[in-house]
Amino acid sequence: MRCDTLWTQARLATCAGDGLGLVERGCVAARGGTIVFAGDAADAPVFDAARTVDCEGRWITPGLIDCHTHLVHGGDRSHEFELRLAGASYEEIARAGGGIVSTMRATRAASEDALVASALPRLDALIAEGVTTVEIKSGYGLDAASETRMLRAARRLGRERPVRIATTFLGAHALPPEYAGDADGYIAMLCDDMLPQVAAAGLADAVDAFCEGIGFSPAQTERMFRAATALGLPVKLHAEQLSNLHGAALAARYGALSADHLEHLDDAGVAAMAQAGTVATLLPGAYYFVRETRPPPVAALRRAGVPIALATDCNPGTAPLTSLLLTMNMGATLFGLTVDECLAGVTRNAARALGRADTIGTLEAGKACDLAIWDIERPAELVYRMGFNPLHARIWSGQ
């Protein structure tokens with residue numbers, strides 16, 4: 001069998017099936033950017049390879065996937081960090097004109113080129129740790145011109161760097177000042193005007209909302225879901241981060257790809273997500289940064305068989321985090337996830353949270369040849385270490 005590249009003498013964590021799919025004497029073959037074989041070398045066909053790479057016993061995992069980020073934005077909010085250190089809460093800062101609206105002002109003032117330039121260092125930090133797919137949300141423009149500019153900038157990042165970009169429209173992130181006191185009017189504008197424009201331009205792969213007391217109500221969120229569904233766009237949701245508004249159950253009713261954060265998720269929400277197949281995307285960086293004390297109900301999610309993903313939530317206000325490796329360590333130490341759960345959470349389940357489980361997330365024939373090759377002795381090192389990057393090589397689409 002012909003192939004472009006054959007990686008030999010490798011140990012594999014294919015992440016296929018229910019576990020990590022460990023293979024001690026493995027090889028991976030790719031042709032045209034697609035895996036044609038990944039498994040035990042003893043079971044491999046004879047390959048006529050244009051290039052052979054001896055991995056010298058290194059581990060290969062799927063390329064990592066960061067399935068929840070706010071990577072594109074203007075400015076930063078380091079001053080708010082100082083305020084939090086002095087005792088101010090996230091809600092107090094937001095209600096005083098800080099928070100998301102603060103970033104909105106900086107984002108509206110930034111050109112598309114400026115947004116791309118400021119996002120590239122954050123993206124490069126993720127790529128340097130073996131990340132091959134990144135989801136990027138809008139939600140800091142909060143008007144049609146700025147939201148579409150954010151989404152165009154996110155798409156451009158996928159042309160500036162060898163990485164897969166999934167874009168999510170998050171117009172329902174916060175209430176802009178021009179709609180003060182009229183959240184229903186803002187949601188109506190999003191549904192009737194802005195979202196159709198975004199969909200027609202092909203700028204979004206999914207639609208998200210912030211269902212929270214300082215965000216939008218379940219009824220307003222549902223209106224967004226109905227509009228997205230009518231346009232053929234899948235939905236996801238920031239749910240149960242600060243309180244329990246039963247957003248996860250609402251998201252599940254609409255077949256959401258994921259519900260994210262989930263610190264205040266209850267048993268009914270867990271059951272609804274399990275029935276719908278909605279992924280629980282946990283964001284330990286935000287939990288850590290804002291000093292939350294109530295972790296998401298990991299044991300209940302496990303019992304119900306809800307897939308668990310992990311992501312950085314990279315954003316300027318509550319998770320200025322650009323390390324998916326550190327995110328895994330946080331998932332283990334703060335939320336009690338196992339090594340297997342952490343690795344599945346940034347590969348197989350992260351792909352599912354993006355609706356892309358058929359093309360990425362595992363080492364299987366027919367999927368994109370996105371690989372991370374590691375200088376480690378066992379996969380647990382990827383979760384165990386802090387501030388250490390053992391990446392040997394990153395392969396994106398076979399290159």
Side-chain angles (χ1 to χ4, degrees), residues 70 72-77 79-80 83-84 87-110 137-151 168-199 204 207-231 233 235-251 253-254 256 259-261 263-264 286 290 315-318:
H70 305 256
V72 171
H73 58 80
D76 71 39
R77 282 161 39 200
H79 176 58
E80 293 179 16
L83 292 177
R84 275 201 298 275
S89 71
Y90 179 70
E91 292 93 335
E92 288 169 343
I93 291 170
R95 295 190 189 282
I100 294 167
V101 175
S102 173
T103 300
M104 177 208 74
R105 291 191 290 268
T107 301
R108 285 183 176 183
K137 303 178 191 295
S138 69
Y140 291 128
L142 308 181
D143 64 23
S146 304
E147 286 290 299
T148 54
R149 186 164 63 250
M150 287 186 71
L151 292 167
T168 299
F169 175 65
L170 182 56
H173 197 195
L175 191 63
E178 55 265 31
Y179 279 88
D182 187 17
D184 286 337
Y186 179 62
I187 291 293
M189 184 276 292
L190 290 180
C191 294
D192 299 337
D193 184 18
M194 199 187 304
L195 179 56
Q197 289 183 47
V198 167
V207 173
D208 198 348
F210 184 34
C211 185
E212 191 54 73
I214 61 171
F216 296 94
S217 70
Q220 292 158 350
T221 299
E222 185 166 18
R223 185 167 182 182
M224 284 296 303
F225 283 177
R226 287 199 301 266
T229 301
L231 291 167
L233 289 170
V235 299
K236 50 181 59 185
L237 188 65
H238 287 61
E240 274 74 88
Q241 180 184 11
L242 305 173
S243 63
N244 184 11
L245 296 185
H246 309 289
L250 169 63
R253 287 204 300 275
Y254 281 82
D260 303 21
H261 286 290
E263 282 86 341
H264 293 262
V290 301
N315 76 75
T318 61

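Just the heavy atoms: all of them, side chains too, but no hydrogens, waters or symmetry mates, feed the values below.
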(message) Tell me every residue that passes side-chain hydrogen bond (donor to acceptor under 3.5 Å, both in side chains) with R149, counting only those two or more places apart in sequence or in another chain.
(response) S146

(message) Suppose we screen for side-chain contact (heavy atoms from CB on, under 4.5 Å). Which residues come up paired with A248, at least two apart in sequence or across chains?
(response) A239, E240, A259, L262, L265, M273

(request) Locate the shortest heavy-atom distance separating L250 from P218; write the atom from each residue and the value. (result) CD2-O, 3.5 Å

(request) Tell me, please, which residues at least two apart from E222 pass side-chain hydrogen bond (donor to acceptor under 3.5 Å, both in side chains). (result) Y254

(request) Output all residues satisfying side-chain contact (heavy atoms from CB on, under 4.5 Å) with A249, sequence neighbours left out; order by chain, then residue number. (result) A272

(message) Could you measure the distance from the SG atom of C211 to the CG atom of L242? Nearest 0.5 Å is fine.
(response) 11.0 Å

(request) State, with a plain yes or no, whether a side-chain heavy atom of T221 is found less than 4.5 Å away from one of L245. (result) no

(message) As an exercise, state the distance from CG of L237 to CZ of F216, rounded to the nearest 0.5 Å.
(response) 12.0 Å

(request) For A88, enumerate each residue passing the side-chain contact (heavy atoms from CB on, under 4.5 Å) test, keeping only those at least two apart in sequence or located in another chain. (result) L83, E92, I93

(request) On the 0 to 90° scale, with breaks at 30° and 60°, tag the H261-H238 ring pair as parallel, tilted or perpendicular. (result) tilted

(message) How long is the straight-line distance from OG1 of T318 back to CD1 of I100, given to the nearest 0.5 Å?
(response) 8.0 Å

(request) Determine which pairs satisfy salt bridge (Lys or Arg N to Asp or Glu O under 4.0 Å) with at least one residue from residues 101-110, sequence neighbours left out, and list them in order. (result) R108-D143, R108-E178

(message) To the closest 0.5 Å, what do you measure between OG1 (T107) and CE (M150)?
(response) 5.5 Å

(message) Holding to side-chain hydrogen bond (donor to acceptor under 3.5 Å, both in side chains), I want the full list of residues that pass it with S243, two or more places apart in sequence or in another chain.
(response) E212

(request) Search all heavy atoms of G181 against all heavy atoms of L175 and return the closest pair with its distance. (result) N-CD2, 3.9 Å

(request) Side-chain contact test, heavy atoms from C-beta onward, threshold under 4.5 Å: evaluate it for E147 versus V198 and give yes or no. (result) no

(request) Could you grab the distance from atom NE2 of H70 to atom CG of L170, nearest 0.5 Å is fine? (result) 6.0 Å

(message) Between M224 and F169, is there a side-chain heavy-atom distance shorter than 4.5 Å?
(response) yes

(message) Measuring from atom CG of N315 to atom OG1 of T103, what distance do you get when rounded to the nearest 0.5 angstrom?
(response) 8.0 Å

Distance-only donor-acceptor pairs under 3.5 Å for side chains of residues 182-194, two or more places apart:
residue : atom : partner : partner atom : Å
D182    : OD1  : G185    : N            : 2.9
D184    : OD1  : Q220    : NE2          : 2.8
Y186    : OH   : G171    : O            : 2.8
D193    : OD1  : Q197    : NE2          : 2.6

(message) Under the rule for side-chain hydrogen bond (donor to acceptor under 3.5 Å, both in side chains), what residues qualify as partners of K137, not counting sequence neighbours?
(response) E135, D208

(request) Using salt bridge (Lys or Arg N to Asp or Glu O under 4.0 Å) as the criterion, list what pairs up with R77, not counting sequence neighbours. (result) E80

